[in-house]
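For reference, the structure is listed below as structure tokens.
Keep in mind that the numbers below use all heavy atoms, side chains included, and drop hydrogens, waters and symmetry copies. Along the sequence shown, the residues carry numbers beginning at 1. Each ligand, and each atom within it, is numbered from 1 in the order the structure gives.
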Amino acid sequence: MVSDTVQIDRPVIGIVGSQGAFGRWLQQFFSRRMGLQVIGRDPHGDTALSEEALVEAADVLIFSAPIRITPELIRHYVQVAAGAERGKLWMDLTSIKLAPVEALLESQAEVVGLHPMCAPPKISTLRGRPLVVCPARLDRWQGWLQAFLQASEAQCRTVEPGQHDRIMALVQGLSHASHMLQGAVLTQLAPELGGMAAISELGTIGHALDLTVTRRVLGGNPDIYTDIQFDNPHVLEVLKHLQRQLDGLAEAVGRGDDAARRQVRKHWLVDSARTFGREDLQEGSHAFERLGYLLEDLAEPRYLSVFLPEDRPGSLRALLSAFEDCGVNLDSIHSSRNPEGELHFRLGVSRDCEADRLHAVASAIEKAGIGRVVAGLVSDRTG
Ligand SMILES: NC(=O)c1ccc[n+]([C@@H]2O[C@H](COP(=O)([O-])OP(=O)(O)OC[C@H]3O[C@@H](n4cnc5c(N)ncnc54)[C@H](O)[C@@H]3O)[C@@H](O)[C@H]2O)c1
Ligand SMILES: O=C(O)C(=O)C[C@]1(C(=O)O)C=C[C@@H](O)C=C1
């Protein structure tokens, strides 16, 4: 018998792990975007509600806790709830899906597993990001779930939990491991060559892109990257493949003869290229070049980054007029976000534009109330 107190139209949202990165993002999302009451619990900083009180009060309970403890934590909450979860919706955000979803199914709640394919974004929705959805036991909550997924603005992809984990071993396990290994090799070899700065000065686009991912991984939450390697049961097999390929390549290069060169060319280039096909390779190559131009634009030292407070037609034209009025020629224009997630336009100007002139444009923009100059003038790289 489902309790009459369960609210499906305007549910109270409960977050287990409310003080974590995604827990905090979810609080904002549900309260600001969906106008719902959000409660939570976290041993680090949110213990006002007991586990029992949280389970009792939440119509939708979301587990957003460290990967390695999540299946056991869910089972613990099943014990705590002792049937009070019947008729409610329980879900999780874990980067691994089979074990948490199996644990959720031990409850009597309706169950859906989720996995956003990004860190909590700086914007208020998951706009455009893939979101894996594993519907496991859904009935009365189906409609609300659809409304929530729509409000998230994510690109939802329905996948079986086991299939998710196998794919993630390649999407995450392989990519994270490759970049962790690159980080370790650079740590060992870069110092004798003058350090990372000396190396990156001579960098290719490929090096810059790899280094961007490596720094993201190394600068992120080490628990997430460790847990994905250890707790996704398919990652070890992928690591063994990676090791075999690397050993084979090193062995061939070590042999160094013409036969070894032919082998490397055939096995690691020509044969693998067939996996992608000509069109896909061309598209990848084009994407690489576009990213190269983007990196080049972003590294140019003379630019203004401007936040336009008025989101209305014509505000960009007014901004461009300020450059025209001051006789400053533009080299590039990009809409981008600063590290805090604020949207701005970044306008690169030619290197021969004197600093005084750029200052004049900046003052004109601010004086006319067109926008707020958030970076530029000095050659910081935050824009
Ligand atoms: N951050 C990401 O990039 C990302 C992306 C997609 C999915 N996820 C998933 O989201 C979940 C949370 O990740 P995060 O980045 O917010 O991690 P986090 O480490 O920032 O947050 C986890 C929170 O759980 C809390 N916690 C620990 N033990 C708990 C317990 N017994 N009861 C309640 N809370 C407890 C911690 O104190 C912490 O505040 C993970 O399952 C992760 O796989 C994270
Ligand atoms: O830093 C990012 O934006 C990420 O994409 C984080 C990342 C990842 O690197 O795979 C980390 C764990 C999550 O499961 C999903 C995404």
Identify, for [atom], the protein heavy atom at the shortest distance, and state residue, atom and that distance.
| atom | value |
| --- | --- |
| atom 32 (N) of ligand 1 | Pro43 CD, 3.6 Å |
| atom 21 (O) of ligand 1 | Gly20 CA, 3.1 Å |
| atom 28 (N) of ligand 1 | Ile69 CD1, 3.4 Å |
| atom 27 (C) of ligand 1 | Pro66 CD, 3.6 Å |
| atom 16 (O) of ligand 1 | Phe22 N, 2.8 Å |
| atom 5 (O) of ligand 2 | Cys118 CA, 3.8 Å |
| atom 6 (C) of ligand 2 | Ala119 N, 3.9 Å |
| atom 42 (C) of ligand 1 | Ser95 OG, 3.6 Å |

Hey, are [Y] and [X] close enough side-chain-wise for a donor-acceptor pair under 3.5 Å?
| X | Y | answer |
| --- | --- | --- |
| Ser350 | Asn329 | no |
| Arg32 | Gln27 | no |
| Arg33 | Ser124 | yes |
| Asn232 | Gln172 | no |
| Trp268 | Gln263 | no |

**Prompt:** Below 4.0 angstrom, N of the basic side chain to O of the carboxylate: do Arg372 and Glu366 qualify?
**Reply:** no
Are the side chain of [X] and the backbone N or O of [Y] linked by a donor-acceptor pair below 3.5 Å?
| X | Y | value |
| --- | --- | --- |
| Lys88 | Gln7 | no |
| Ser305 | Val374 | no |
| Ser285 | Gln282 | no |

Inset, instruction - Compute the minimum heavy-atom distance from Cys118 to ligand 1 and say whether it is under 4.0 Å. - result: yes
Open item on the list: Looking at ligand 1, is there an atom of it that comes within less than 4.0 Å of some heavy atom belonging to Leu73?
Closed with: yes
With heavy atoms and a 4.0 Å threshold, my read on which part of Ile224 contacts ligand 1 is side chain
Honestly, for Asp223 the part within reach of ligand 1 (heavy atoms, under 4.0 Å) is neither
At less than 4.0 angstrom from any non-hydrogen atom of [X], what atoms of ligand 2 do you find?
| X | value |
| --- | --- |
| Tyr225 | 9 (O) |
| Arg216 | 1 (O), 2 (C), 3 (O) |
| His115 | 13 (C), 14 (O), 15 (C) |
| Ile224 | 12 (C) |

Within the 4.0 Å heavy-atom cut-off, what Val171 brings close to ligand 2 is neither
For [atom], the option (of [options]) bearing the nearest heavy atom:
| atom | options | result |
| --- | --- | --- |
| atom 11 (C) of ligand 1 | Pro120, Ala65, Ala119 | Ala65 |
| atom 12 (C) of ligand 1 | Ser64, Gly23, Ala21, Pro116 | Ser64 |
| atom 15 (C) of ligand 2 | His179, Arg129, His176, Gln172 | Gln172 |
| atom 23 (C) of ligand 1 | Thr70, Leu93, Asp42 | Asp42 |

Checklist entry - Linking I/L/V/M/F/W/Y whenever their side-chain heavy atoms sit closer than 4.5 Å, directly or via other members, would Leu149 and Leu36 fall into one cluster? => result yes
Do Val111 and Trp144 sit in one hydrophobic cluster, given that two such residues count as connected whenever their side-chain heavy atoms are within less than 4.5 Å of each other, even indirectly?
no
task = Give a yes/no on ligand 2: does Gly220 have at least one heavy atom closer than 4.0 angstrom to it?
result = no
| field | Side-chain heavy atoms of Glu251 within contact of Arg255, under 4.5 Å | value | yes
Evaluate the salt bridge (Lys or Arg N to Asp or Glu O under 4.0 Å) criterion for residues Arg274 and Asp271: first the C-alpha distance (whole Å), next the side-chain angles of each, then the deciding distance (0.1 Å), finally the verdict.
CA-CA 5 Å; Arg274 287 202 191 100; Asp271 289 353; 3.1 Å; yes
